[in-house]
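Below: one structure, written as structure tokens.
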Amino acid sequence: MNFLIEYIGYFAGVCTTIAFIPQVTKVWSSKNVNGLSLNMFIIFSIGVCCWLIYGILQKDLPLIIANMITLILAILILIGIIKFKKNI
């Protein structure tokens, strides 16, 4: 049963993490961030960082891996918003 719970955690992490890849790709290839909110991505990144810390404290590998990768992707989007947005 523990294996099933951990498998669900990894699967959820993969799904929520890869969901950001198309957005990162679009931001960096088009350099168009007009529809993206800087405030939302700042708040989201703080939340993901907290989930990462929580995962580390709980020694929960699915949470650690998923949130580490998601945080990197969110930071890439944040950098893109700051770099490509004309009026922040």
Side-chain angles (χ1 to χ4, degrees):
M1 186 63 165
N2 268 349
F3 177 76
L4 178 61
I5 293 169
E6 194 164 333
Y7 176 76
I8 291 169
Y10 279 111
F11 183 72
V14 167
C15 290
T16 57
T17 299
I18 64 171
F20 275 85
I21 293 173
Q23 189 67 64
V24 171
T25 304
K26 184 175 181 180
V27 164
W28 285 94
S29 64
S30 71
K31 297 179 179 24
N32 181 350
V33 294
N34 290 335
L36 300 179
S37 167
L38 176 63
N39 291 335
M40 178 274 198
F41 271 97
I42 290 171
I43 295 166
F44 178 79
S45 296
I46 292 168
V48 171
C49 187
C50 290
W51 275 116
L52 175 58
I53 293 167
Y54 177 79
I56 291 168
L57 294 173
Q58 291 293 323
K59 297 180 178 128
D60 189 326
L61 198 54
L63 273 177
I64 294 168
I65 293 170
N67 286 294
M68 189 175 3
I69 296 169
T70 302
L71 184 59
I72 291 167
L73 295 171
I75 289 170
L76 286 172
I77 293 171
L78 273 171
I79 292 168
I81 292 171
I82 292 166
K83 184 174 181 172
F84 303 128
K85 195 151 193 164
K86 293 177 174 73
N87 298 318
I88 296 180

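Side-chain heavy atoms closer than 4.5 Å link hydrophobic residues (I, L, V, M, F, W, Y) into clusters, and following such links, even through other members, never connects Met68 to Leu57. Residues Phe11 and Val14 do not share a hydrophobic cluster, defined by chaining ILVMFWY side chains whose heavy atoms lie under 4.5 Å apart. Neither Tyr54 nor Ile8 shares a network with the other; the hydrophobic side chains, linked directly or stepwise wherever heavy atoms of I, L, V, M, F, W or Y lie under 4.5 Å apart, form separate groups for each.
The only member of Ile43, Thr17, Thr70 that meets side chain to side chain contact (heavy atoms under 4.5 Å, CB included) when paired with Val48 is Thr70.
Taking CG of Leu71 as the start and CZ of Phe20 as the end, the distance is 10.5 Å to the nearest 0.5 Å. Put simply, CG on Asn34 and CZ on Phe84 are 12.0 Å apart, with the number rounded to the nearest 0.5 Å. Rounded to the nearest 0.5 angstrom, Ile46 CD1 and Ile42 CD1 are separated by 7.0 Å. One distance of note links CG of Leu73 with CD1 of Ile69; it measures 7.5 Å at 0.5 Å rounding. For the atom pair Ile64 CD1 and Gln58 CD, the distance stands at 9.5 Å (nearest 0.5 Å).
Taking the six-membered ring for Trp and thresholds of 30 and 60 degrees, Tyr7 and Phe3 have nearly parallel ring planes, at less than 30 degrees apart. Classification of the Phe44-Phe41 ring pair by plane angle, with boundaries at 30° and 60°, yields perpendicular.
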Q: Applying side chain to side chain contact (heavy atoms under 4.5 Å, CB included), run through Leu52 and Leu63 and close with a yes or a no.
A: CA-CA 7 Å; Leu52 175 58; Leu63 273 177; over 6 Å; no
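For the pair Ala74 and Ser45, the tightest heavy-atom approach, listed with the atom from each and the gap, is CB-OG, 3.5 Å. Residues Leu36 and Ile77 come closest through the heavy atom pair CD1-CG2, 4.1 Å.
Here the side chain of Trp51 pairs no donor or acceptor atom with the backbone of Ala66 at under 3.5 angstrom.
Proximity of Val27 to Ile81: side-chain heavy atoms (C-beta onward) are nowhere separated by under 4.5 Å.
With a 6.0 Å radius and a threshold of 12 heavy atoms from other residues, nucleotides or ligands, Tyr10 has its OH atom above the threshold.
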